[in-house]
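Here's the structure, in structure tokens; my notes come after.
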Amino acid sequence: MRSRKIRNRNLQRTRYESYKGSTMKSVVEALLLQTLDTLKQQGVLAEDVNPRIVLQNTKDKSHGDFACNIAMMLAKPAGMNPRDLAERITSTMPSDPRISNTQIAGPGFINFFVNNSWLEEQVSKALSAPNLGINTVTDNDVQTVVIDYSSPNLAKEMHVGHLRSSIIGDAVVRALEFQGHQVIRQNHVGDWGTQFGMLLAYMEEQQNNDEDLDLADLEGFYRASKQRFDESEKFANRARELVVALQSGDDYCNKLWQEFNSISLQHCLAIYKRLGVSLTAKDVRGESTYNKDLQSIVDALADAKLLVESNGAQCVFMDEFKNKEGETLPIIVQKSGGGFLYATSDLAAVRYRAQQLKADRVLYFVDQRQALHFNQVFALAHKAGFANDTISLEHMGFGTMNGADGKPFKTRSGDTVKLVDLLDEAEERAIALVRSKNPDMDTASLEKIGKSVGIAAVKYADLSKDRARDYIFNFEQMLSFEGNTAPYLMYAYTRVASIFDKAGLDMNTINGDITLASEKEKDLANKLLQFPEILDRLTRRGQPHTLCSYIYEVAGLFSSFYEHCPILAADTEAEKQSRLCLAALAGKTIKQGLNLLGINTLERM
RNA sequence: GCGCCUAUAGCUCAACUGGAUAGAGCAUCGCCCUUCUAAGGCGAGGGUUGCAGGUUCGAGUCCUGCUGGGCGUACCA
């Protein structure tokens, strides 16, 4: 396990740094690399030292624009003290007009100050280049990334538990596509299992009674059928019959099942549309599609001599999953009664994704609680050859959504919250908020803006937190215009849009020379150029919250610039044009960033 | 029992996977609207990063041991 993790990380590292090559950081890194080579030739460094050069963005301007800790890392192997080595590095480094100064600071940091004109040139280029100057990956670096997300159970209505997977997964999907990777969405819906017998029996009963099939309230339908199951022996028997019939491929039963799934899926698609989640019907590949593969998975495990019968069940025991007493945990792939389990279908899915879809990475946006399950499935899939060792299988787990009391988010009566109800409330609250700020706005605009803000607020609140942790859901906070929230960022964007509206210019086509005269302009420019590396982190680690923090910082720096640097009323025409360009890049970056999170901006609020 | 996750300002969250003085917002207190949307900006106070050790030039981050919380752990997914 451990060795595989390390291997995967190295793989990602080498493949994912493709955005580099033209960024300011990469230029400095190349210079450092060249310098280290020279030092090797001079015998200062041994030939076999090949450290990873990490250039950091400095937090404090007195430390320059970039800082590097390489001298401290190499001090020991070189047998020198860090500051002396840093001195040696900076004196050996070829001079470059793009670097205005280097300094050695603290215990041995090398601080780089970049030339202002280079910075100006970079922002101008980013503004006029397609994709905000983000290099899309080259052909050789394009990865096929399968993303397993959302995956609701079709037997029931979508509830708040499906929100995180759908939203976070979709943000990573969009970011990967923006980088130029080939993404294959997989909605691994729950469309199989014993509960379908009960549902189909109830469907049949309603149809026989000539009642209109009412699946508008799927949750109610589920409860009603469960009630019939519990109260009537006859009904329960029929339900069991239907499960068997369904599994044996009975036509009538299959038709009922498909009808049910189709209606249930429409509910999901409606929610995706409302949420702005990019999943469609063609991305659905439910559990049931792997039914035909399950026996062959078990057979393959048997052929590989991995299968052990234990208490009548077919299991695999792997040394990786051993506790201190030496007892190994089983992975059960076939029940004593012959049925298969989720480990079996997940193995089949891995095999399909690796061999049919030819994935380089498979990302699973699934609840953190299933971590052990996925660790087992991934380890076994590799061991059994369902996936070769180069494919990276990554569980992107997330924590629970809690209420204000820190306990799982529930209704007052203790039921799970339906996703539609949550979204309804968010929209209502947002409409009321927008109305309070714009008492004279007409109802149509009010609703349009309110709905947009409400959905964005819910999504952003979730996306802006580290997915690994539990988080507290709070309407007041997410709908605030203050702080790291969707309304604030959307508003920040409208401020930019409003400038261009007033000037009668198009934010998307303007370009030209940018002069960074004040600190406010420089700070904003520096931040804007960090977009590519932020995206890289997002897609490598599956963490959209890093992008949220980034957009928030951009918006903050823009606001500060906006307050201190008159744009339309600038002193000279050249200054005005320059500031317009900088504002345009800020606006486009905020908009693009939000779009990658699945959030649409408004031109006016 | 064993395993995984987690503990950061009164509250909600960050901290670029070992870097420099741990940062934001809310709340509290003080400024700034005849000037591009004040739904904004500027500033102040607020911290023994759960506790105790260890590793090293350097630890919120890595290791060990405690304590509190969450979640898993053989035929549900």
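A note on names: the letters A, B, ... follow the listed sequences, proteins ahead of strands, and every chain is numbered from 1.
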Salt bridge (charged side-chain N to carboxylate O under 4.0 Å, His left out) between A:Arg88 and A:Asp84, worked out: CA-CA 6 Å; A:Arg88 188 70 189 253; A:Asp84 289 347; over 6 Å; no

Residue A:Gln370, side-chain atoms from C-beta onward, closest of B:A77, B:A20, B:A38: B:A77

Per A:Cys315 side chain, nearest of listed nucleotides B:G41, B:A74, B:U37: B:A74

NZ/A:Lys588: more than 12 non-hydrogen atoms of other groups inside 6.0 Å: yes

Identity of whatever pairs with B:U73 - Watson-Crick or G-U, under 3.5 angstrom: B:G1

Separation of atom CG in A:Asp470 from atom C1' in B:C5, rounded to whole Å: 9 Å

5′-ward residue of the pair A:Asn57/A:Tyr552 relative to RNA chain B: A:Asn57

side-chain N/O A:Lys59 vs B:A20 OP1/OP2, d < 4.0 Å: yes

Aro-ring/base stack A:His545-B:A14, d under 5.5 Å, angle under 30°: no

Residue A:Lys437, side-chain atoms from C-beta onward, closest of B:U37, B:A39, B:A7: B:A39

A:Thr23 and A:Glu533: side chain donor to acceptor below 3.5 Å: no

Distance test, side-chain N/O of A:Thr400 to OP1/OP2 of B:C71, below 4.0 Å: no

Phosphate-side-chain proximity, A:Ser498 and B:U37, N/O vs OP1/OP2 below 4.0 Å: yes

For B:A9, the Watson-Crick or wobble counterpart (both distances under 3.5 Å): none

Base B:A14 to side chain A:Ser549, donor-acceptor N/O within 3.5 Å cut-off: no

A:Lys59/A:Glu553 ion pair, N-O < 4.0 Å: no

Touch class at under 4.0 angstrom, heavy-atom based, for A:Pro82 against every strand present: nothing

B:A39 base stacked by A:Phe481 (centroids within less than 5.5 Å, tilt under 30°): no

Presence of salt bridge, A:Lys226 and A:Asp230, under 4.0 angstrom: yes

Selected nucleotide, minimal atom distance to A:Glu482 side chain, candidates B:C16, B:A27, B:U21: B:A27

For atom NZ of A:Lys465 and atom P of B:A15, their distance in whole Å: 13 Å

Touch class at under 4.0 angstrom, heavy-atom based, for A:Ile472 against every strand present: sugar-phosphate

Shortest non-hydrogen contact from A:Ser288 toward A:Asp191: OG-OD2, 2.7 Å

Phosphate contact (B:U17 OP1 or OP2) by A:Arg540 side-chain N/O below 4.0 Å: no

Stacking of A:Phe109 on B:A20 base (centres under 5.5 Å, planes under 30°): yes

Paired nucleotide for B:U37 [Watson-Crick or G-U wobble; both distances under 3.5 Å]: none

Nearest-angstrom distance from the residue atom CD of A:Glu519 to P of B:C42: 15 Å

Closest nucleotide among B:U37, B:C36, B:U8 to the A:Arg495 side chain: B:U37

Sugar-phosphate, base or nothing in reach of A:Met605, heavy atoms under 4.0 Å: base

Protein-nucleotide distance (A:Leu307, atom CG; B:A74, atom P), rounded to Å: 18 Å

Result of checking A:Val453, A:Asn438, A:Val434 against A:Met605 for side chain to side chain contact (heavy atoms under 4.5 Å, CB included): A:Val453

Candidates B:U12, B:C57, B:G41 - which lies nearest the side chain of A:Gln477: B:U12

Side chain of A:Asn438 (C-beta onward), nearest among B:A20, B:A39, B:A74: B:A39

N or O in side chain of A:Arg83 less than 4.0 angstrom from B:C57 OP1/OP2: no

Euclidean distance, atom OH of residue A:Tyr460 to atom C1' of B:G25 [Å, nearest integer]: 11 Å

A:Tyr290 OH to B:A77 C1', straight-line distance once rounded to whole Å: 15 Å

Given B:C76, B:G19, B:A77, the nucleotide with the shortest approach to the side chain of A:Met72: B:G19

Opposite nucleotide pairing with B:A52, Watson-Crick or G-U, both atom distances under 3.5 Å: B:U64

Short side-chain to backbone donor-acceptor contact, A:Tyr460 and A:Cys548, under 3.5 Å: yes

Nearest to side-chain heavy atoms of A:Leu372, which nucleotide of B:G72, B:G40, B:U37: B:G72

Sugar-phosphate, base or nothing in reach of A:Ser560, heavy atoms under 4.0 Å: sugar-phosphate

Touch class at under 4.0 angstrom, heavy-atom based, for A:Ala313 against every strand present: base

A:Tyr491 (side chain) and B:A39 (base): donor-acceptor pair under 3.5 Å: no

Nucleotide of B:A74, B:G41, B:C36 approaching A:Glu563 most closely (side-chain heavy atoms): B:G41

Base B:A20 paired with A:Asn111 side chain (donor-acceptor, <3.5 Å): yes

Nearest-Å distance for atom pair CE/C1', residues A:Met401 and B:C71: 18 Å

Where the chi angle of B:C31 falls, syn if within 90° of 0 and anti if not: anti

Length of the CG-C1' vector between A:Asn474 and B:A27, whole Å: 13 Å

Closest-nucleotide 5' rank along RNA chain B - winner of A:Lys520 and A:Asn69: A:Asn69

